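Predicted, not measured: the structure shown is a model, and the values here were computed from it. Within every chain, numbering begins at 1; the chains are lettered A, B, ... in the order of the sequence lines, protein sequences first and strands thereafter.
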Amino acid sequence: MTNQEIAGILYEIGAYLDMADVSFKPRAYEKAAEIISSLPDSLSDVYKKEGTSGIKKIPSVGASIAETIEELIKTGKSKYHKELKQKTPVDLSNLTRVEGLGPRKIKMLYHKLGIKNLKDLEFAAKKGKIGKLAGFGAKSETNILKGLEFLKKSGGRFLLSEVLPLAREIERRLNNIAGVKKVQIAGSVRRGKETIGDIDILIISNDADKVMEYFVKMPEVGRVLARGDTKSSVTLKKGLDVDVRVLSEKSYGSALAYFTGSKDHNVAMRQLAIKMGYKLSEYGLFKGQKQVAGKNEEEIYKILGLDYVEPELREMTGEIEVARKHQLPELIKYGDLRGDLQIQTNWSDGKNSIEEMALAAMKIGLEYIVITDHTKRLAMTNGLDARRIVQQGKEIDRVNQKLKIQNSKLVILKGSECDILKDGSMDLPDEVLKDLDVVGASVHSYFNLSEEEQTNRIQKAMRNPHVDILFHPTGRLINRREAYAVDVDAIIRTAKEAKTIMEIDAFPDRLDIKDEYIKRCVDGGVKMSIDSDAHDISHLSVLEFGIMQARRGWAGRGDIINAHPLREMLRYLKGRGGDK
DNA sequence: GCCGTTTTCGGCCCGACTGTTTTCAGTCG
């Protein structure tokens, strides 16, 4: 049973307890489910290795929930869940996806109209049965129908790269409204999450009504979910929700903190405030009736005895305790990157020439790039063999010479994105690899080997003395392809031993390795690189997403080799770098 | 049901908005 499946059952138990009007337990199950669904390790594996005591180590999982998890892993079922479900046998996970429907309403719909699933719901709503129900009305009915319609159209979360430009565009337009003093993107976009469920925007203005009026009538709005004096929510035609909140200047910091989340981080902050005799809300930090902070985020953290926590760290992965001990790392900054270590050109499947890529890199202020075209096994990309890579080296020399004459600071290095073959050997011979400045190794085939075979294969490649970097180490494509089965902790240990650099591939649907693994590299003293994997000059801008991801993984400048000048960067590489 | 920088018992975040209500429950974030 996967973590997602286990989390799903726990969510349902929570919802059923909510229906039964039980207090506090629903939140306990919900919390455990949230934590489990974002857990990097498989619970089945944890159970196999450490038994229930391993399960109980997970925060928010105590004796009772651990027992349920054990039962789920062993039998695939939970008696408790089954008992609860018998009372209201409905398709909870889908029904709750309808905007405005929660456990209580679902229970009513089942008992009064026998609605069990989305199909029943749509049928009843179209027949006008729901509007006649006590507690519901005509408006509820149309809202359910609209909710169903939008559910069919959209699905799930969007890539940060799809959302960020749109969020910035809306931000820009809201900024132009008369009376608006400040507009700030908050929520998971500000935290730099790899996928986004909705856009949250905070506005400081003395004419909230004007802002709301504009906001709900923007051309891309598909449906207005709520329109209030200080808060409005819409669903865009493309299926993404946007919330705006208008507040006054004196609450800017507390509102920003509240609106940035994560939810769990906020809850922890509020609990901490209570413990220290304060009350924290979006309006400010209060002692009794008196506002003691809230104009900016920094002063709130300070009064609560914490160092400032950067938005990317606010995920309840220990940031509050570490902030209390004043041990938060100084994160890598936007603009810290000096080079890009993975760039494709038209020598393989890239669109632009070496020179075009170099000029584009110069424009964004980089000091060095590595040309890393594919190798011959990837025939469809026109991958390079030994002969062509030597030719390419000559072309790189030529462009470097030209740039030098023009007094440019940019240096182009010779590299390769060399395929790892099925048995872990490399697609180009050692004699060729040894002459390159930077060698990246990638898996592009045999994604379905067993975890052991895949791990061994990759480890063998990492131990090749000429391989410097493991490119996109887990091979996932967000929303499209799962990572291949690989023991990432073992890979990280090998990276430590063999001094292999782990890449953070910044391409928005890769973001590989993901934030939790970055943190493990940081903790394990394994160095990383942030690379664009650009196949086009426009792709160089994705480095921003890589930096966000690195920050989410608690990485500082010192952890990222290409945040350093060329000479220093080369020193981190195996063998060849040291004596350059 | 979980948890502990006052606690192994007694707490558990806070507020906006909607719809159907004459004062509030449900949902959401």
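Side-chain N/O atoms of Lys25(A) include one lying less than 4.0 angstrom from OP1 or OP2 on dG1(B). For dC14(B), neither phosphate oxygen OP1 nor OP2 lies less than 4.0 angstrom from any side-chain nitrogen or oxygen of Ser281(A). In terms of phosphate contacts, Arg104(A) brings a side-chain nitrogen or oxygen within less than 4.0 Å of OP1 or OP2 of dG26(B). The shortest distance between the side-chain N/O atoms of Asn143(A) and the OP1/OP2 oxygens of dT18(B) is not below 4.0 Å. Look at Ser140(A) and you won't find any side-chain N or O under 4.0 angstrom from OP1 or OP2 of dT18(B).
With both ends at atom C1', the span from dC17(B) to dG10(B) equals 32 Å, rounded to whole Å. Nucleotides dG1(B) and dT5(B) place their P atoms 23 Å apart, quoted to the nearest Å. For the P atoms, the distance linking dT21(B) with dG26(B) amounts to 13 Å, nearest Å. With both ends at atom C1', the span from dC14(B) to dC9(B) equals 25 Å, rounded to whole Å. dC3(B) and dT8(B) have their P atoms separated by 16 Å, given to the nearest Å. dC13(B) sits 14 Å from dG4(B) when the P atoms are compared, rounded to a whole Å.
Arg245(A) comes within contact range of the sugar-phosphate backbone alone, with a heavy-atom separation under 4.0 Å but no base atom that close. Backbone-only engagement by Ala63(A) is indicated by non-hydrogen atom pairs under 4.0 Å involving sugar-phosphate atoms exclusively. Across all strands shown, Gly187(A) has no heavy atoms under 4.0 Å from either base or sugar-phosphate atoms. If you check every strand for non-hydrogen atoms under 4.0 Å, Pro26(A) touches nothing. At a threshold of 4.0 angstrom between heavy atoms, the contacts of Lys139(A) are confined to the sugar-phosphate backbone, with no base atom among them. Residue Ala138(A) is in sugar-phosphate contact alone, with no base atom involved, counting any heavy-atom pair closer than 4.0 Å across all strands shown. Counting any heavy atom pair closer than 4.0 Å across all strands shown, Ser23(A) reaches no nucleic acid atom. As judged by a 4.0 angstrom heavy-atom cut-off over every strand, Val61(A) is placed among residues touching the sugar-phosphate backbone only. Within 4.0 Å (heavy atoms only), Leu17(A) reaches no atom of the nucleic acid at all.
Note on Glu310(A) versus Arg551(A): salt bridge recorded, some NZ/NE/NH1/NH2 to OD/OE distance being below 4.0 Å. Salt bridge annotation for Lys77(A)-Glu71(A): absent, with no cationic side-chain nitrogen under 4.0 angstrom from a carboxylate oxygen. Under a 4.0 Å N-O distance rule, the pair Glu299(A)/Lys295(A) does not qualify as a salt bridge. Between Arg27(A) and Glu34(A), at least one side-chain nitrogen of the basic residue sits less than 4.0 Å from a carboxylate oxygen of the acidic one, meeting the salt-bridge criterion.
Between the NZ atom of Lys263(A) and the P atom of dC28(B) there is a distance of 10 Å, rounded to whole Å. A straight line from CG of Leu272(A) to C1' of dC3(B) spans 15 Å, rounded to a whole angstrom. Here the C1' atom of nucleotide dC13(B) and the OH atom of Tyr278(A) are 18 Å apart, to the nearest Å. Atom CG in Asp18(A) sits about 11 Å away from atom P in dC28(B), given to the nearest Å. Summarising the geometry, the separation between CD on Glu67(A) and P on dG1(B) is reported as 10 Å, rounded to the nearest angstrom. Taking atom CG of residue Leu247(A) and atom P of nucleotide dA16(B), one finds them 9 Å apart after rounding to whole Å. Rounded to an integer number of Å, the gap from Lys31(A) NZ to dC3(B) C1' is 8 Å. To the nearest angstrom, C1' of dT5(B) lies 14 Å from CG of Leu304(A).
Side-chain atoms of Tyr47(A) and Glu70(A) form a donor-acceptor pair, as typed in the model, at a separation below 3.5 Å. Counted by atom type alone, Thr260(A) and Arg190(A) present one or more donor-acceptor pairs between their side chains at under 3.5 Å. Between the side chains of Arg172(A) and Asn175(A), not a single donor N or O lies within less than 3.5 Å of an accepting N or O.
Considering only the side chain of Asp200(A), dG29(B) comes nearest among dG29(B), dT5(B), dC2(B). Distances from the side chain of Ile274(A) to the nucleotides dC17(B), dA16(B), dC14(B) place dC14(B) closest. Counting only heavy atoms from C-beta on, Asp243(A) has its side chain closest to dG29(B) among dC2(B), dG26(B), dG29(B). Of the listed nucleotides (dC2(B), dC14(B), dT18(B)), dC14(B) has the atom at the smallest distance from the side chain of Lys279(A). Comparing dG1(B), dG15(B), dG29(B) against the side chain of Tyr29(A) picks out dG1(B) as the nearest. The side chain of Ser64(A) lies closest to dG1(B) when the candidates are dG1(B), dG15(B), dG29(B).
Of the two residues contacting DNA chain B, namely Lys275(A) and Tyr283(A), the nearest-nucleotide position lying further toward the 5' end is that of Lys275(A). Between Arg270(A) and Ser232(A), the residue whose closest nucleotide on DNA chain B is further toward the 5' end is Arg270(A).
With both pairing distances under 3.5 Å, dC17(B) is matched to dG26(B) as a Watson-Crick or G-U wobble pair.
Aromatic stacking of Phe24(A) on dC12(B): satisfied, with centres closer than 5.5 Å and planes within an angle under 30 degrees.
Note: Tyr308(A) and Tyr301(A) have perpendicular aromatic rings, judged against thresholds of 30 and 60 degrees for the angle between ring planes.
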